[in-house]
Amino acid sequence: MKLHYIIAFLFLGLNITYSQTNNGKEKEVIKKESAIQVIVRVQKDKILLRWGPGDALAWKKLNKYGYLVERYTVTRNNTTLASPEKKVLAQTLKPEPIENWEKVIEQNDNAAIIAQALYGESFNVTGVNQLESIVNLSEENEQRFTFALFAADKDFEIAKKAALGFEDKTAQKNEKYIYRISSNVPKEESEIKYGGVFVGLSDYQDLPKPMDFTAHFTDKSTMLSWNFKILAHAYGSYYIERSQDKLHFERINKEPYTSMNQQNENNSRIFYVDSIANNQLYSYRIQGISAFGELGPYSEIISGKGKSILQFVPHLTVKNFKDDKTVTLTWEFAEEGNSEITGFELNRSDTDDGKYLPVVKNIAPKSRTVVYNKLASTNYFTITAIGKQGSNRTSFPMLVQPVDSIPPAKPINLKGVIDSLGVVKLTWDLNKESDLLGYRIYKGNNPDEEMSQITVNPLEDNKYQDTVVIKSLNSKVYYKIIAVDTHYNMSVSSDVLIIKKPDVIPPSSPIFTNYEIKDGAVYLDWINSQSEDAVSHQLYRKENEQGDWQLIADIKDKKETYKDENIAEGSKYRYAIYAKDESNLVSNPSPQVAFFVPKASVMPAVKGFYAQANVSANTIDLSWEYKVPEVDSFEIYKATANEPLQLMQMVSGQTRKLSDPTITINTNYKYAIRALFIDGRMSKMVFFTVKF
């Protein structure tokens with residue numbers, strides 16, 4: 001079976017990757033990225049699947065070994081199943097045998113193309129010079145693959161026969177599925193990745209109506225245009241229909257029409273040119289065709305007539321001012337064109353690309369000058385030749401500006417707000433000059449510096465948004481604006497606007513300079529924060545390592561000393577001081593100071609200290625009482641006559657009596673005792689005098 005088929009259209013649908021060839025022979029290895037690509041279309045009671053391999057060699061092998069079509073039920077009644085339910089829809093789906101195609105190809109060109117691609121002894125395509133320049137196919141197997149995919153895109157029934165489509169009529173409305181199309185090709189031959197989609201009957205949507213359909217009627221032709229990228233997901237080609245009574249439409253393209261630029265990201269529109277007769281009403285509409293062969297709704301109907309084109313175009317050449325309101329304009333126009341026009345119209349606009357309105361009509365066909373006496377500061381003029389057949393030709397614009405040296409008024413009521421991120425929003429009253437071009441914005445960071453312009457071009461609006469750095473040394477920002485007219489006359493600058501930045505920078509930290517423990521108190525000295533907006537200093541103290549930080553003083557004057565009397569001997573203290581500014585921002589703490597307060601207080605004196613002469617033992621016996629805990633030892637001092645006391649002996653803290661044998665008869669002795677404690681403290685000294 002051979003097919004010689006003339007094709008004048010382009011390929012649709014799936015992306016195609018071609019295998020490389022070497023001297024006309026196929027490589028036996030499929031590219032690693034080869035995969036089955038799947039698309040889906042949900043109808044009201046069934047789900048249609050279409051797919052295609054990634055390249056020609058994969059398609060050839062899959063035709064031999066077939067596809068595995070599986071369905072996994074993922075959700076039911078809006079609840080995700082704990083384990084998806086698997087169902088094999090087709091174990092080995094292959095193209096139908098050649099005998100099943102013989103009757104179909106007689107009535108269906110798409111079937112003939114696919115059958116020839118699958119089973120033809122050769123695949124020769126004639127009349128494909130233009131096609132070759134687009135797809136650059138160079139060998140037969142790739143041609144078979146490409147045309148098979150193209151024909152499958154046009155006819156879903158044929159796609160199913162070619163094992164490139166499947167129709168699932170068993171889908172339930174309360175379920176959603178993952179469909180997976182896998183390769184049955186042995187992995188040792190080639191590895192082809194499966195493709196899949198996640199969908200359910202609840203995803204059904206009507207096919208969309210084609211949008212952005214336009215028609216441009218010219219001399220004996222209509223240029224139709226529409227945006228194919230907006231609905232590229234739904235349609236790959238279109239039928240175009242035409243009517244001369246807006247009721248009875250006929251297709252003007254026998255084959256589905258598509259764009260040559262669908263793969264070009266820079267082009268989004270389809271163009272189609274239709275030949276028509278002038279001055280006859282024609283109506284057009286388009287209809288999209290999906291990759292599943294479905295026909296979508298019609299677009300809006302567009303109507304119009306072809307018009308003969310005036311061959312001569314006027315050209316404005318000279319402008320002569322009489323005063324600042326009056327100008328005489330001169331133009332050129334071929335004399336032989338006078339008989340084809342009814343006259344001229346002068347058009348004016350405020351801008352080059354703005355809307356031009358007629359300001360002088362019914363200018364005689366032989367006239368080449370016109371006077372206009374209502375000039376604004378800026379004017380753009382065109383001259384239009386009015387054709388007798390309804391075709392007009394308009395000149396290029398000419399700029400006309402009378403002399404103007406008067407600057408705009410001073411901008412007023414400049415206001416501004418700033419947020420915590422440094423975004424500044426400026427507003428002011430609009431000037432009332434008709435020739436106003438815009439405003440220039442100036443900014444400064446210090447009151448004495450010359451402000452810099454921050455707008456590149458004059459700003460047309462009366463608002464502006466700027467951004468400033470909040471965390472900087474200057475706390476204010478300064479703005480002014482100048483109005484500019486179309487002749488670049490500049491107004492006096494507005495009053496300077498001063499905006500105070502939000503305070504997000506905490507004050508600098510104070511620093512401790514000295515501390516002293518004296519007379520049961522701690523004396524602290526520091527240097528206050530050097531930030532100008534610091535309003536207070538907060539002194540915190542922490543007792544021992546397990547304690548919490550406590551605020552002990554909030555100092556709002558310039559004082560830089562503090563006496564802490566609320567301390568306990570034998571405790572460890574840490575001190576930190578913070579600065580707080582007008583915005584209640586708090587500095588980092590100063591470097592901490594930490595120290596131990598020793599126990600230095602004098603303990604109670606020993607009670608009942610008594611010395612008695614013991615004549616029989618020739619000693620003086622000492623005794624005492626002391627019930628204060630944590631006594632480490634006692635010191636016993638002794639002196640005779642007027643000599644100073646000297647340490648006689650130290651005894652343990654448990655001792656309460658002592659005998660002194662080193663005595664002389666008829667001598668006065670003076671004794672003293674004091675207790676020494678484990679933590680280093682000592683008691684007051686107690687004295688006793690005795691004569692032996």
Side-chain angles (χ1 to χ4, degrees), residues 512-526 539 541-547 552 561-575 592-692:
F512 283 114
T513 58
N514 190 35
Y515 71 87
E516 183 179 5
I517 304 170
K518 183 173 67 175
D519 300 330
V522 173
Y523 294 83
L524 298 167
D525 298 318
W526 64 85
L539 181 63
R541 183 186 69 189
K542 180 178 182 181
E543 184 175 359
N544 298 323
E545 297 301 330
Q546 295 76 25
I552 61 173
T561 63
Y562 184 78
K563 177 182 179 182
D564 185 9
E565 298 180 299
N566 188 23
I567 61 172
E569 295 179 347
S571 294
K572 184 177 181 180
Y573 292 93
R574 289 182 179 272
Y575 291 88
Q592 298 177 18
V593 294
F595 45 80
F596 177 78
V597 179
K599 294 182 178 180
S601 58
V602 179
M603 299 300 290
V606 176
K607 294 184 178 181
F609 182 54
Y610 181 72
Q612 182 178 9
N614 187 343
V615 178
S616 60
N618 201 26
T619 61
I620 294 178
D621 297 331
L622 306 174
S623 61
W624 61 90
E625 294 291 335
Y626 202 60
K627 297 183 179 180
V628 179
E630 298 186 0
V631 177
D632 179 66
S633 60
F634 293 97
E635 289 182 338
I636 312 298
Y637 291 84
K638 174 183 176 183
T640 59
N642 295 324
E643 295 178 355
L645 288 170
Q646 293 183 354
L647 179 63
M648 181 182 76
Q649 190 172 347
M650 290 183 65
V651 297
S652 69
Q654 290 75 35
T655 304
R656 295 296 183 269
K657 58 183 179 178
L658 177 68
S659 295
D660 178 15
T662 58
I663 58 176
T664 305
I665 297 175
N666 295 322
T667 303
N668 290 323
Y669 292 96
K670 183 179 182 181
Y671 292 91
I673 187 171
R674 65 180 177 186
L676 301 180
F677 289 81
I678 296 174
D679 58 12
R681 289 178 294 172
M682 60 184 64
S683 70
K684 293 182 179 180
M685 190 170 287
V686 179
F687 303 93
F688 195 88
T689 302
V690 64
K691 182 177 181 180
F692 186 79

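Between the OH atom of Y575 and the OH atom of Y562 there is a distance of 8.5 Å, given to the nearest 0.5 Å. Atom CG of residue D632 and atom CG of residue L676 lie 7.0 Å apart, to the nearest 0.5 angstrom. We find the NZ-CD distance between K638 and Q649 to be 10.5 Å, quoted to the nearest 0.5 Å. If you take NZ on K691 and CD1 on I665, they are separated by 11.5 Å, rounding to the nearest 0.5 Å. Atom OG1 of T655 is separated from atom CG of L622 by 12.0 Å, given to the nearest 0.5 angstrom. Rounding to the nearest 0.5 Å places CD1 of I636 at 9.5 Å from CE of M650.
For W526, the side-chain hydrogen bond (donor to acceptor under 3.5 Å, both in side chains) criterion is met by N528, not counting sequence neighbours. Partners of F687 under the ring pair (Phe, Tyr, Trp, His ring centres under 6.0 Å) rule, at least two apart in sequence or in another chain, do not exist in this structure. Checked against side-chain hydrogen bond (donor to acceptor under 3.5 Å, both in side chains), R674 has the following partners two or more places apart in sequence or in another chain: E635, Y637. Applying the side-chain hydrogen bond (donor to acceptor under 3.5 Å, both in side chains) rule to Q654 yields no partners; only residues at least two apart in sequence or on another chain are considered. By the side-chain hydrogen bond (donor to acceptor under 3.5 Å, both in side chains) test, Y671 pairs with D660, sequence neighbours left out.
Distance alone, capped at 3.5 Å, is enough to place a donor-acceptor pair between the Y626 side chain and the P604 backbone.
Closest heavy-atom contact between A605 and V686: CB-CG2, 3.4 Å. In terms of heavy-atom proximity, T619 sits nearest to P661 at CG2-CA, 3.8 Å. Considering all non-hydrogen atoms of both residues, R656 and F634 come closest at NH1-CE1, 3.3 Å. Contact record, V628 with F677: CG1-CE2, 3.5 Å, taken as the closest heavy-atom pair. When every heavy atom of V606 is checked against every heavy atom of A675, the shortest pair comes out as CG2-N, 4.1 Å. Here the shortest heavy-atom pairing between N566 and R541 reads O-NH1, 2.8 Å.
Between I673 and F688 the shortest side-chain heavy-atom distance does not fall below 4.5 Å. Taking the side chain as every heavy atom from C-beta outward, N514 and Y523 never approach each other to under 4.5 Å.
Atom CG of L647 sits in a crowded spot, with more than 12 heavy atoms from other residues, nucleotides or ligands closer than 6.0 Å.
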Step by step, would you call D564 with Y573 a side chain to side chain donor-acceptor pair (under 3.5 Å)? CA-CA 11 Å; D564 185 9; Y573 292 93; over 6 Å; no
Identify each donor-acceptor pair in which a side-chain atom of residues 607-614 lies under 3.5 Å from a protein atom, sequence neighbours left out, and give them as a table.
{"residue": "N614", "atom": "OD1", "partner": "S616", "partner atom": "N", "Å": "3.4"}
{"residue": "N614", "atom": "OD1", "partner": "S616", "partner atom": "OG", "Å": "2.8"}
{"residue": "N614", "atom": "OD1", "partner": "A617", "partner atom": "N", "Å": "3.2"}
{"residue": "N614", "atom": "ND2", "partner": "D621", "partner atom": "OD2", "Å": "3.1"}

